[in-house]
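For reference, the structure discussed in these notes is given below.
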2 protein chains.
Amino acid sequence: MDYESNNENDDAVTIHDVAATARVSPSTVSRVLNGHATVNPVLAARVRDAARTLGYRPNAVARSLRRKVAAVWALVISDIQNPFFTSLVRGVEDVANAQGCSVVLCNSDEDLKKERRYMEVAVAERMSGVILSAASSTDSDIGVLRRASIPVVAIDRRILADNVDTVLVDNRAGAQMAVAELLGQGRTRIACITGPRRVSSAVERLEGYRNGLKSAGAALDDQLVQMADFKRKGGYQATVALMALDEPPDAIFVANNLMTIGALEALWDMGIDSPATVAVLGFDDLPWAAVTSGSVASVAQPTYELGRLAATMLVERRTTPNMAPRTVVLQPSLARHPGARRAEQ
Amino acid sequence: MDYESNNENDDAVTIHDVAATARVSPSTVSRVLNGHATVNPVLAARVRDAARTLGYRPNAVARSLRRKVAAVWALVISDIQNPFFTSLVRGVEDVANAQGCSVVLCNSDEDLKKERRYMEVAVAERMSGVILSAASSTDSDIGVLRRASIPVVAIDRRILADNVDTVLVDNRAGAQMAVAELLGQGRTRIACITGPRRVSSAVERLEGYRNGLKSAGAALDDQLVQMADFKRKGGYQATVALMALDEPPDAIFVANNLMTIGALEALWDMGIDSPATVAVLGFDDLPWAAVTSGSVASVAQPTYELGRLAATMLVERRTTPNMAPRTVVLQPSLARHPGARRAEQ
DNA sequence: TTGTAAGCGTTATCAC
DNA sequence: GTGATAACGCTTACAA
């Protein structure tokens, strides 16, 4: 049996083939297919017929070369496993597709090297825009993109660069909500596990935590603040450290979802009852929160809207390149999950 | 302030500029940069110097046009939120990068239309390969890719097409393990919540469940089998339906991770103790399993290896196009998670 | 309105 | 070993 027999025709159909079949010039085919100019309806019909019968598929590579820019955006995200990103991606794609653009997803995995590699690919492939959730607010460098005049929108995390359009959530407000909620439950020693100093959202969530305590007249205790890595293990270790204090906390505000899993795991491994002894309140959406043994609330973000807005700003930046850069901040909200031990029982 | 001032030079440096600076021909520059032929070391050094000082970045679009194929693979996955895929992606990327290729991630979201759109993009962009976790084993159509002679490897799920390289896990064996484990715990009425009939893994996991019961001499009861949609809500509803039976199950084998969350949620909403009254055993890795109120085991898959293998098969298919298609089946294993109520306490 | 022709940046073929 | 030249498939001045 010949496995090549499936290939009807290894040389792809080009615009010239369509032109020949439709008895018009290649430029006319191009005009019909792109709708850029008015074409005699009779010829247009012949072109469309020919394209269909020949199974013509435009070569996006040739088009990109000629146009000097590809109809492709990169969406570089720091942690694909965070459910936070799933609907964010949809928000971006919906806008991109409406513009006739494709989105390529890139998972930098909080790794600056990977992130840089993806930016280089974006340049090499002449992509028309990049939406970036930076691995590091201080060290991520968009210079490569700038030099290639590729528009960038920062999402979820700030980047240390002038003139970057940015879409964020109000991390301070979210953290303050979290603290207020815990205080309202009567908690008096509230700890905070946040992410690395290089990530703006981690820093801002910590600030919000401190502001929340201060504005309630509660004391700040630096022993109750742990900096971890936004990953599960980091949350686990930070929790162990907190509970080893002479005066351990009765509540923990955890600044992202993976670390929240780690924190809960640590508490249970130590045989500590949550939420009775120690309440846990996370950040980001926690799809599994309803099946945990204790009640877990979290600060939820408008993720789809975040993606949609970033994408819209990218489009606007392309159409109006000299417009002053904007930063948009969206408000988070508090999501309560009853957990396995429901209040009413 | 002028926001254009960042653009050092809007016309990118080309191979001709490098050639001029290095006082050689463009072909020599190309040869140096690609290492395809032997070049006088002196000239080669001049070329590399020129490229560095000018900040030359090859135009991947032009290269792809000339070579008639882009150094890019598409990885089309059915559900990006499934943690299953995160390490699978790494496995694919590691092999691709070693080949000098980039991977673009595409989330079909179990949607045939989206999936088809991504395949069309792969064709338009002349990508050199596609790894596909099909939205439907029966209805996903790779004809577009075949006509464009783009190599395909099916991963995780079979596709109804001849001559496709495929990498799978042994779903039947995994499901049988699951049933054996539950029987070993003394469970006597074991239910199964599986996915849609159009997805091969759902069908095979159901078969494994049945075989597992049969080979243990246990009775089969079709009332105990629910077909859902591989999503959380489907798992929830299926569980409610199962528990409404005259003789409800004392264990449920759930064929994927999102439905496992739904199942646990339903049990707790109904006030049913798990695992005491009803044990739950899932499929796929469950990162949050350790923080659930009850013990949850699951059938774990060698995800990185799955991705690495699929990528390797793609490379081999490209180098040896006429080789007979292969199907590789990897073995899953059983992962036990103590859950919040640890056995030893 | 339609066709002709040039050119996007690269690489492969062919002489030298 | 190196350089000139053509070609990949498309879009877009410009000419008709």
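Throughout, protein chains are lettered first and strands after them, A, B, ... in sequence-line order, and every chain is numbered starting at 1.
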Over how many whole Å does the gap from [X] atom [atom1] to [N] atom [atom2] extend?
X	N	atom1	atom2	value
Lys68(A)	dC10(D)	NZ	C1'	15 Å
Arg23(B)	dG1(D)	CZ	P	21 Å
Arg31(A)	dC10(D)	CZ	C1'	13 Å
Ile15(A)	dT2(C)	CD1	P	15 Å
Asn59(B)	dG9(C)	CG	C1'	6 Å
Arg67(A)	dC8(D)	CZ	P	21 Å
Tyr56(A)	dG9(D)	OH	P	10 Å
Glu125(B)	dG9(D)	CD	P	15 Å

Remember a base hit wins even if backbone is also touched, and classify [X] as base, sugar-phosphate or nothing at under 4.0 Å, heavy atoms.
X	value
Thr38(A)	sugar-phosphate
Val24(A)	sugar-phosphate
His36(A)	sugar-phosphate

Open item on the list: Using side-chain contact (heavy atoms from CB on, under 4.5 Å), reason through Val164(B) and Arg158(B) one step at a time and then give a plain yes or no.
Closed with: CA-CA 9 Å; Val164(B) 187; Arg158(B) 297 175 196 276; over 6 Å; no
Short side-chain N/O contact to [N] OP1/OP2 from [X], under 4.0 Å:
X	N	value
Ser27(B)	dT11(C)	no
Asn40(B)	dT2(D)	yes
Ser25(A)	dT4(C)	no
Ser30(A)	dT11(D)	yes

Task: Ion pair check, Asp49(B) and Arg52(B), cut-off under 4.0 Å - done: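 Here Asp49(B) pairs with Arg52(B) in a salt bridge, since their nearest N and O are under 4.0 Å apart.
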- [ ] When you get a sec, tell me which of dT10(C), dT2(D), dG3(C) is the closest nucleotide to the side chain of Thr14(B)?
- [x]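 It is dT10(C).
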Open item on the list: So, under a plain 3.5 Å distance rule, would you say the side chain of Arg66(B) forms a donor-acceptor pair with the base of dT10(C)?
Closed with: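 No pair found.
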TODO: Note down the inter-axis angle between the two ends of the helix from dT1(C)-dA16(D) to dC16(C)-dG1(D), five pairs each, to the nearest 10°.
DONE: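 The angle separating the two end axes equals 40°.
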[atom1]/[X] to [atom2]/[Y] distance, rounded to the nearest 0.5 angstrom?
X	Y	atom1	atom2	result
Tyr118(B)	Leu145(B)	OH	CG	14.5 Å
Asp165(A)	Arg326(A)	CG	CZ	6.0 Å
Ile159(B)	Thr138(B)	CD1	OG1	11.5 Å

Open item on the list: Go through it in stages, so that I can follow the logic: the residues are Val328(B) and Thr166(B), the test is side-chain contact (heavy atoms from CB on, under 4.5 Å), and I'd like the CA-CA distance, side-chain angles, deciding distance and then a yes or no.
Closed with: CA-CA 6 Å; Val328(B) 176; Thr166(B) 304; over 6 Å; no
- [ ] Please name the residue in the list Val153(A), Val315(A), Val130(A) that meets the side chain to side chain contact (heavy atoms under 4.5 Å, CB included) test with Trp73(A).
- [x]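 Going through the options one by one, the only one that passes is Val315(A).
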